[in-house]
K.L.:
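Here it is, the structure in full.
Worth saying up front: this structure is predicted, and the values here are computed from it rather than measured.
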Amino acid sequence: MKKRIGWLLGLLTILMAGLTFQVQSVYADDSLAQVKQKGEIVMGTSPDYPPYEFEATENGKTKIVGMDVEIAKQIAKDLGVKLVIRKMSFDSLLTGLQTGKVDMVISGMNPTPARRKNVSFSDVYYQGGYSLLVNKTDSWRYKDKDSFEGKTVGAQTGTTQYVESQKQIKNVKVKGMTSAADLVLALQSHKVNGVAMEKPTAEAYVANNKSLVAVPSHFDLSSSATSSAIAFPKGADTLVSAANKSIAKIKKANLIKKEYLPAAGKYMKTNTVNTSMWHYWKAFAIGVEYTLIITVCSVFFGFIIGVILALLRRLRGNWFKDIIHWLATAYVEFIRGTPMMVQVMFVYFGLGVLVNIPALLSGIIAISLNSGAYVAEYIRGGINSVDPGQTEAARSLGLSSAKTMRYVVLPQAVKNIWPSLGNECITLIKDSSIVSIIGVTELIYQSNIVRSDTYRGVAPIFVIMVIYFILTFTASRILNHFEKGMQHD
C-alpha cells in the first residue's frame with residue numbers, strides 16, 4: 001500500500017511539475033502577445049550594409065531599403081502589425097534588443113554560439129559567405145586571406161568578419177569601424193589594405209565602384225558564421241516561432257532571390273545616377289536641423305543645470321548643506337571624468353530599461369547633463385572672481401543673500417565667464433555629432449547616409465566640414481557681438 005501511495009505521489013509530482021512548467025512557459029513568454037497588443041514590431045538595424053539594408057533617396061525622401069527590410073515587412077504583415085525601423089550602429093544593436101529598444105534585430109547578423117548565449121535567433125533566412133574588398137590597382141597582390149599576412153584589414157566592429165580576420169590571418173592588424181561606408185573610405189585612402197565583409201555586400205560595392213575588386217576570402221568558417229538570422233530577446237519563443245513561419249513562407253517562394261535582392265539592386269543602381277552633393281542637399285539640411293535642435297536645447301538646459309550646480313557647491317554650514325555640496329561636487333567630477341559617448345549610451349540604453357526615451361531626447365538629456373557640469377565650473381569660477389566687496393555692499397543695503405546672488409553677483413559672474421560660455425556653445429555644436437551612435441539623424445549621421453548612397457567617401461565629409469565651420473563661425477560672431485555689448489555696459 002505504501003509503495004502504491006508513494007508511486008502515485010511521485011506520478012502526481014511529475015504531472016504537477018510538468019503542468020507548472022507549461023503554465024510558466026505560457027505566462028513567462030508573452031513576447032508575441034505584447035507585439036500584437038501595441039500594434040507594431042520594432043526592427044533594429046544598421047542601414048549601411050547593401051544589399052541587406054541601406055538608405056536610399058526616392059522622390060527627395062530618404063528611406064531604409066534592402067533584403068532585410070523586405071523580410072521584416074513580411075513578418076509584420078503576417079503578424080498583422082505595423083513595422084517600425086530603428087537605426088543604430090551595428091555594435092549597439094544587441095544592446096538595444098536586450099534593453100527593450102527594439103523587438104528584433106535584422107541586420108545581416110550571424111547566429112554565432114557567443115551571441116546565442118544572450119539572445120534567441122530565428123531560423124536562418126540567408127546563407128552567404130565572406131569576401132575581401134581591395135583596390136583594383138592592388139588586385140594582383142591580394143588573392144585571398146593568406147595574402148594579407150602582416151597587413152592591415154578593416155572590418156565592421158562587432159561582426160564575425162572582425163573576429164575571424166583576427167583568428168585566421170597571420171600577423172594581421174584588424175582595424176574596426178562602425179560602418180561599411182567608413183571602411184570603404186579607409187580602403188580607398190589606403191588606410192587599410194583590404195576590407196572583410198559579407199559576399200553580397202562586397203559585390204554590391206564592386207558593382208557601383210569600378211575602382212574596387214572583391215577577392216575570395218577562403219576563410220575556414222562554420223555555417224553559423226556565413227548565415228544570417230533574426231535576433232530576438234532571450235526566451236521570446238512565441239515571437240521567434242511566428243517569425244520562423246514567415247521565413248518558411250519566404251524560403252518556399254524563393255522571395256529573396258526572386259524579389260528582394262533584385263529590388264535592392266535597383267535602388268543601388270538608381271543611387272549612382274546623380275551622386276552630386278547638391279542632389280543631397282535635403283539630407284544635409286535635415287542634419288543641420290537636428291544639430292541645431294540638439295545644440296540650442298543643450299545650451300539652454302546645460303546653463304540652467306550649471307547655475308544650480310554652481311550654487312549648490314557653495315552651500316556650507318550644517319550637515320544637510322554639506323551633503324548637498326558633496327553630492328553636487330561628486331556629480332561634476334563624475335561627469336567630467338567619463339566620456340560623453342558613454343553618457344549618451346547610458347541614457348539611451350541604460351535608462352531605457354526603466355523608461356523608453358526616444359533617441360533625440362536621450363541625446364539632448366545626455367549632452368545637457370554633460371554641459372551642465374562644465375558650465376557649473378565656469379560659473380563657480382566667475383562667482384569667485386567677483387570682488388567680495390560687491391556682496392558686502394549689497395548686504396549693507398538690505399538685500400538678502402539670495403537677492404544679492406541674483407541681482408549683483410551672478411550678472412557680474414556671467415559677464416566674466418562669457419568667453420568660456422561661448423566656447424562651450426561652440427563645442428556643443430561639434431559634440432552633437434556623438435548622438436549619431438544612437439541613430440539621431442544629425443550631420444554626421446546624414447553624411448554617412450550620403451556616403452552609403454553615393455559610394456563617395458571624401459565629398460560628403462568635406463561638405464559637413466564646411467557646414468560645421470559655417471555654424472561655428474556664425475555662432476562665434478554672434479557671441480562676440482554680445483561680449484562687446486557687455487564690455488560697454
K.L.:
So do W326 and D322 actually touch side chain to side chain, heavy atoms under 4.5 Å?
P.N.:
no
K.L.:
Is it true that the NZ or CZ of K430 lies under 6.0 Å from the centre of Y468's six-membered ring and within 45 degrees of the ring axis?
P.N.:
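The answer is no, since K430 fails at least one limit relative to Y468.
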K.L.:
Side chain of N423, backbone of P419: donor and acceptor closer than 3.5 Å?
P.N.:
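Between the backbone of P419 and the side chain of N423 there is no qualifying donor-acceptor contact (under 3.5 Å).
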K.L.:
Please evaluate residues I379 and I417 with respect to the criterion side-chain contact (heavy atoms from CB on, under 4.5 Å), reporting the C-alpha separation (whole Å), side-chain torsions for both, the decisive distance (0.1 Å), and the verdict.
P.N.:
CA-CA 7 Å; I379 293 177; I417 65 171; 3.5 Å; yes
K.L.:
Return the minimal non-hydrogen interatomic distance between A202 and L133, and the atom names on each side.
P.N.:
O-CD1, 3.8 Å
K.L.:
Ignoring hydrogens and geometry, is there a side-chain-to-backbone donor-acceptor pair from S368 to F301 under 3.5 Å?
P.N.:
no
K.L.:
Whether the T338 and Q343 side chains hold a donor-acceptor pair (N or O, under 3.5 Å, no angle test) is what I'd like checked.
P.N.:
yes
K.L.:
Starting at CD1 of I478, measure out to CZ of F473 and round the result to the nearest 0.5 Å.
P.N.:
11.0 Å
K.L.:
So does K167 have more than 12 non-hydrogen atoms from other groups sitting under 6.0 Å from NZ?
P.N.:
no
K.L.:
Taking the side chain as every heavy atom from C-beta outward, state whether N193 and V134 have any atom pair closer than 4.5 Å.
P.N.:
no
K.L.:
Are any of the side-chain heavy atoms of L360 and I294 separated by less than 4.5 Å?
P.N.:
yes
K.L.:
Please name the pair of heavy atoms, one in T291 and one in S432, separated by the smallest distance, quoted to 0.1 Å.
P.N.:
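Looking at all heavy atoms of both residues, the shortest contact is CG2-OG, 3.3 Å.
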K.L.:
Quick check: does any side chain N or O of K101 sit under 3.5 Å from a backbone N or O of L93, one acting as donor and the other as acceptor?
P.N.:
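Not confirmed, K101 side chain does not pair with L93 backbone.
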K.L.:
Please walk me through it: do Y445 and E442 pass side-chain contact (heavy atoms from CB on, under 4.5 Å)?
P.N.:
CA-CA 5 Å; Y445 195 96; E442 48 68 68; 3.5 Å; yes
K.L.:
Please determine whether the number of non-hydrogen atoms from other residues, nucleotides or ligands lying under 6.0 Å from atom NZ of K82 exceeds 12.
P.N.:
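No, not enclosed.
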K.L.:
Indicate yes or no for a side-chain donor-acceptor contact from R313 to the backbone of R380 under 3.5 Å, with no hydrogens or angles considered.
P.N.:
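The answer is no, because no donor-acceptor pair under 3.5 Å joins these two groups.
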K.L.:
What distance separates Y407 OH from S400 OG, expressed to the nearest 0.5 Å?
P.N.:
9.0 Å
K.L.:
Measuring from E70:CD to I106:CD1, what's the distance to the nearest 0.5 Å?
P.N.:
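These two atoms lie 11.0 Å from each other.
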K.L.:
Between E55 and I64, does the side-chain contact (heavy atoms from CB on, under 4.5 Å) criterion hold? Intermediate values first, please.
P.N.:
CA-CA 4 Å; E55 299 200 62; I64 300 176; 3.9 Å; yes
K.L.:
Quick one: does S476's side chain have a donor or acceptor within less than 3.5 Å of a partner on T472's backbone?
P.N.:
no
K.L.:
What I'd like to find out is whether the side chain of L94 reaches to under 4.5 Å of the side chain of M109, using heavy atoms alone.
P.N.:
yes
K.L.:
Examine distances only and state if a side-chain atom of K321 and a backbone atom of L312 form a donor-acceptor pair shorter than 3.5 Å.
P.N.:
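Checking the backbone N and O of L312 against the side chain of K321, no donor-acceptor pair under 3.5 Å is found.
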K.L.:
When you compare the side chain of Y49 with that of S107, does any pair of heavy atoms fall below 4.5 Å?
P.N.:
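The answer is no, as the side chains (C-beta and beyond) never meet within the 4.5 Å cut-off.
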K.L.:
Answer yes or no: are there more than 12 heavy-atom neighbours, outside Y142 itself, under 6.0 Å from its atom OH?
P.N.:
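Check passes, neighbour count above 12.
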K.L.:
Output, in order, the C-alpha distance, side-chain angles, deciding distance and verdict of side-chain hydrogen bond (donor to acceptor under 3.5 Å, both in side chains) for S371 and E424.
P.N.:
CA-CA 8 Å; S371 177; E424 178 68 12; 3.0 Å; yes
K.L.:
Around K87, counting heavy atoms of other residues, nucleotides and ligands shown, do more than 12 lie under 6.0 Å from its NZ?
P.N.:
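Buried by this count: over 12 neighbours within 6.0 Å.
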K.L.:
Could you tell me whether a side-chain N or O of N318 sits under 3.5 Å from a main-chain N or O of F320, the two making a donor and an acceptor?
P.N.:
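At least one qualifying donor-acceptor pair exists.
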K.L.:
Minimum heavy-atom separation for I169 to F148, with atom names?
P.N.:
CG2-O, 3.6 Å
K.L.:
Does Y348 reach the side chain of T99, with side-chain heavy atoms less than 4.5 Å apart?
P.N.:
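No, too far: nothing below the 4.5 Å cut-off.
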K.L.:
Less than 4.0 angstrom from a charged side-chain N to a carboxylate O is my criterion; do K145 and E164 meet it?
P.N.:
no
K.L.:
Counting N and O atoms only, with roles assigned by atom type, does the side chain of T157 sit under 3.5 Å from a partner on the main chain of M177, one being a donor and the other an acceptor?
P.N.:
yes
K.L.:
With a 4.0 Å cut-off on N to O distance, would you call D138 and K151 a salt bridge?
P.N.:
no
K.L.:
Compare every heavy atom of V332 with every heavy atom of A376, then report the nearest pair and how far apart it is.
P.N.:
CB-CG2, 4.3 Å
K.L.:
For S396 and A393, work out which heavy atoms get closest and say how close.
P.N.:
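Closest approach of S396 to A393: OG-O, 2.6 Å.
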K.L.:
Judged by atom type as modelled, is there a donor-acceptor pair below 3.5 Å linking the side chain of T295 to the main-chain atoms of L292?
P.N.:
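No; judged by distance alone, with no hydrogens or angles, the pair does not exist.
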K.L.:
Rounded to the nearest 0.5 Å, what separation is found between the OH atom of Y374 and the CG atom of L421?
P.N.:
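Reported value, rounded in 0.5 Å steps: 15.0 Å.
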K.L.:
Hey, what do you get for CZ (F334) to CG (L327), rounding to the nearest 0.5 Å?
P.N.:
13.5 Å
K.L.:
When you check the side-chain N and O atoms of D91 and S89, is any donor under 3.5 Å from an acceptor?
P.N.:
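Their side chains do contain a donor-acceptor pair, which is all the 3.5 Å distance test asks for.
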K.L.:
Walk me through whether L83 and I41 qualify under side-chain contact (heavy atoms from CB on, under 4.5 Å).
P.N.:
CA-CA 5 Å; L83 175 65; I41 185 166; 4.2 Å; yes
K.L.:
Any non-hydrogen side-chain atom of P233 less than 4.5 Å from a side-chain atom of L97?
P.N.:
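Of all side-chain heavy-atom pairs linking L97 with P233, at least one is under 4.5 Å.
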K.L.:
Hey, does V102 have a side-chain heavy atom less than 4.5 Å from the side chain of M43?
P.N.:
no
K.L.:
Write down the atom of N110, the atom of R115, and the distance for their closest heavy-atom approach.
P.N.:
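Result for this residue pair: O-NH1, 2.8 Å.
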K.L.:
Within the side chain of Q446, is there an N or O that forms a donor-acceptor pair under 3.5 Å with the backbone of A283?
P.N.:
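Yes: the side chain of Q446 pairs with the backbone of A283.
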K.L.:
Is it true that Y130 and T160 share a donor-acceptor pair across their side chains at a distance under 3.5 Å?
P.N.:
yes
K.L.:
Quick one: pull up CG in N370 and CD1 in I434 and give me the separation to the nearest 0.5 Å.
P.N.:
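Here the rounded value is 8.0 Å.
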K.L.:
Does Q37 CD have over 12 foreign heavy atoms under 6.0 Å away?
P.N.:
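For Q37, atom CD is not crowded (no more than 12 foreign heavy atoms under 6.0 Å).
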